[in-house]
2 protein chains.
Amino acid sequence: MSPSLATPFAHIVDDDEAIRDALSWLFRTRKVESRAWPSAEDFLAAWQPDWRGCIVLDIRMREMSGLECFDALLERGNTLPVIFLTGHGDVPMAVGALKKGAFDFLEKPFDDNALVDVVIRALESNARRQANQETQANVAGLLAQLTPREQEVMQLVLVGKFNKVIADELNISMRTVEVHRSRVFEKMGVRSAVELAQLLAPGRD
Amino acid sequence: MSPSLATPFAHIVDDDEAIRDALSWLFRTRKVESRAWPSAEDFLAAWQPDWRGCIVLDIRMREMSGLECFDALLERGNTLPVIFLTGHGDVPMAVGALKKGAFDFLEKPFDDNALVDVVIRALESNARRQANQETQANVAGLLAQLTPREQEVMQLVLVGKFNKVIADELNISMRTVEVHRSRVFEKMGVRSAVELAQLLAPGRD
DNA sequence: TTCCACACTGCGGATAACCACAATTGAAGA
DNA sequence: TCTTCAATTGTGGTTATCCGCAGTGTGGAA
């Protein structure tokens, strides 16, 4: 974990320069790094899948609206939490945004500290999610190292079948199953079928 | 699964008799059974943990408000999806309700069909959740049948330890471990440690 | 053509797991 | 007191797993 991952970070997307500046200053005073974007288009053009932090998104902007920007991010598989800011309350809009996965929806005027608190909570909850996702990705990486045959054998091992049965179902000798099984354990970094099951447990096929 | 579980059902909580009647009629036309309650207090007094269906809850009521009623339900461990109805839009209220787990938050006037659609979606999503939860409960029931010693042995089996090692750690003979292990498999309805791990995988200790 | 990854197989031995048969002890209840 | 249940242990035998040693065949990359 590099220090940059631990430092709170927020992307500010708002077409009002005064607000961008105010939020940047606000975040700085609370030790949250930030970067401000003058439009949804600029933000989307620069957006990278590996970005960290969260996104503070104004709803009403001149060209692309915050909601449209949010939809575009969803399509691109964005995983960063999004916090909406809006001047005029609109319940259906807020409900829709939250149901699509936005982290929060704040109505102006809002308490400055409340916004930062929300940002920090968003980052914390996302960090936990991210951690799980990364271990999942590691497992996927290990799985990718298995040959097709090894994966086949593994599936059958995972349902608790005997080598004898597996050999029968795949029409190969027991010895071959043993070899594959052993290679699977080795590549996955486990020492038994039970450990393998545990490793693959949380998100299984 | 009895037929009553498959029949869509909604509790209507609203102190306006005209609305109760209108919603009851609306639901009936869409094959959704319902029961209307004239106040949050009446509803809470009757509420049982094993109720099925969903709850359509008006925000503004004379005595206890819909939000207070919701909080009371949360404290009691309610699992039914709650759909709020409100006359006057209030973004923070809607956001708060959704973040506390409400299924939806509809502003009057709303499309009648839209409400029923939401109710049906709520029931569907809850049915899936409920199904998972029930299999979890079944597993918990099986686990409860294990003696303390059997549970201890099971934990060690689940991390892939050899009987010999388990025997050592518990200061008992290998034979005893074998007996416990075998009893665990029998009670849990599995035939191998791998199956046991899979059974306990989704929600593990 | 040579090298290599992948899949496949046999033999034999060591270790672990599974199981039937058999039995003892202690505590909680009927 | 008699019964039941949980926990414990032993013996001996079968089955499964794990591994080293050894070897064959194939298709693709260098």
Side-chain angles (χ1 to χ4, degrees), chain A residues 136-205, chain B residues 136-205:
Chain A
Q136 278 300 99
N138 290 339
V139 171
L142 294 178
L143 282 175
Q145 291 179 5
L146 300 180
T147 68
R149 201 52 156 174
E150 283 163 357
Q151 302 216 23
E152 270 182 291
V153 172
M154 185 184 73
Q155 292 305 324
L156 299 175
V157 167
L158 282 176
V159 287
K161 293 188 175 170
F162 293 149
N163 289 348
K164 192 203 306 183
V165 177
I166 297 173
D168 224 61
E169 290 189 17
L170 298 181
N171 286 310
I172 55 181
S173 77
M174 237 181 80
R175 186 66 185 90
T176 305
V177 174
E178 288 174 12
V179 172
H180 286 316
R181 181 189 183 113
S182 171
R183 295 283 294 163
V184 168
F185 289 173
E186 188 186 326
K187 288 183 178 177
M188 299 299 290
V190 298
R191 307 195 58 187
S192 70
V194 178
E195 280 182 45
L196 183 65
Q198 299 289 16
L199 184 66
L200 272 50
R204 58 204 203 284
D205 56 308
Chain B
Q136 278 301 98
N138 289 339
V139 171
L142 294 178
L143 282 175
Q145 291 180 4
L146 300 179
T147 67
R149 202 52 156 172
E150 283 163 356
Q151 303 216 24
E152 268 183 290
V153 171
M154 185 184 73
Q155 292 304 324
L156 299 175
V157 167
L158 281 176
V159 287
K161 293 188 174 168
F162 294 148
N163 289 348
K164 190 203 306 182
V165 177
I166 297 172
D168 224 60
E169 291 190 16
L170 298 181
N171 286 311
I172 55 182
S173 76
M174 238 181 75
R175 185 68 187 92
T176 306
V177 175
E178 288 175 10
V179 172
H180 286 316
R181 181 188 183 113
S182 169
R183 295 282 295 162
V184 168
F185 289 173
E186 187 187 328
K187 288 183 177 177
M188 299 299 290
V190 298
R191 307 196 57 187
S192 70
V194 177
E195 279 182 46
L196 184 66
Q198 299 289 17
L199 185 65
L200 272 51
R204 57 203 206 285
D205 58 307

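So you know, we letter chains A, B, ... as the sequences are listed, proteins then strands, and number each from 1.
Both B/Glu178 and A/Gln145 lie close to DNA chain C; mapped to their nearest nucleotides by heavy-atom distance, the more 5′-ward contact belongs to A/Gln145.
A close approach under 4.0 Å does not occur between any side-chain nitrogen or oxygen of A/Arg175 and OP1 or OP2 of C/dC11. Distances shown here put a side-chain N or O of B/His180 below 4.0 Å from the OP1 or OP2 atom of D/dT8. Residue A/Asn163 has no polar side-chain atom (N or O) positioned under 4.0 Å from OP1 or OP2 of D/dA16. Proximity of A/Lys164 to the phosphate of D/dA16: a side-chain N or O atom is located under 4.0 Å from OP1 or OP2. OP1 or OP2 of D/dA7 lies within a sub-4.0 Å distance of a side-chain N or O belonging to B/Thr147.
With D/dT17, D/dT8, D/dC19 as the candidates, the nucleotide lying closest to the side chain of A/Ser182 is D/dC19. Looking at the side chain of B/Val179, the nearest of the listed nucleotides C/dT9, D/dT8, C/dC18 is D/dT8.
Residue contacts shown for A/Arg149 are limited to sugar-phosphate atoms, with no base heavy atom under 4.0 Å away. At a threshold of 4.0 angstrom between heavy atoms, the contacts of A/Thr176 include nucleobase atoms, whether or not backbone atoms are also involved.
What separates CE of B/Met174 from C1' of D/dG10 is a distance of 12 Å, to the nearest Å. Between the P atom of C/dC6 and the CD atom of A/Glu150 lies a distance of 7 Å, rounded to the nearest Å. Atom CD1 in B/Ile166 sits roughly 12 Å away from atom C1' in C/dA16 (whole-Å rounding). When rounded to the nearest whole Å, the span between NZ of A/Lys187 and P of C/dA5 equals 11 Å. Rounded to a whole Å, the CD1 atom of A/Ile172 is 16 Å from the C1' atom of D/dT26. Note: NZ (A/Lys161) to C1' (D/dT17) measures 18 Å, nearest angstrom. Distance, B/Arg191 CZ to C/dC18 P: 11 Å, rounded to whole Å. The separation between A/Glu186 atom CD and C/dC6 atom P is 12 Å, rounded to whole Å.
Atoms CG and CG, from B/Leu143 and B/Leu199 in turn, are 7.5 Å apart once rounded to the nearest 0.5 Å. Of the inter-residue distances, the one linking B/Met188 atom CE with B/Met154 atom CE reads 6.0 Å to the nearest 0.5 angstrom.
Ion pairing of A/Glu178 with A/Arg175 is present here, as a side-chain N (NZ or NE/NH1/NH2) and a carboxylate O approach within less than 4.0 Å. Look at A/Arg149 and A/Glu152 and you find a salt bridge, because one of the NZ, NE, NH1 or NH2 atoms lies within 4.0 Å of a carboxylate O, short of that distance.
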Working for side chain to side chain contact (heavy atoms under 4.5 Å, CB included), residues B/His180 and B/Ile166: CA-CA 11 Å; B/His180 286 316; B/Ile166 297 172; over 6 Å; no
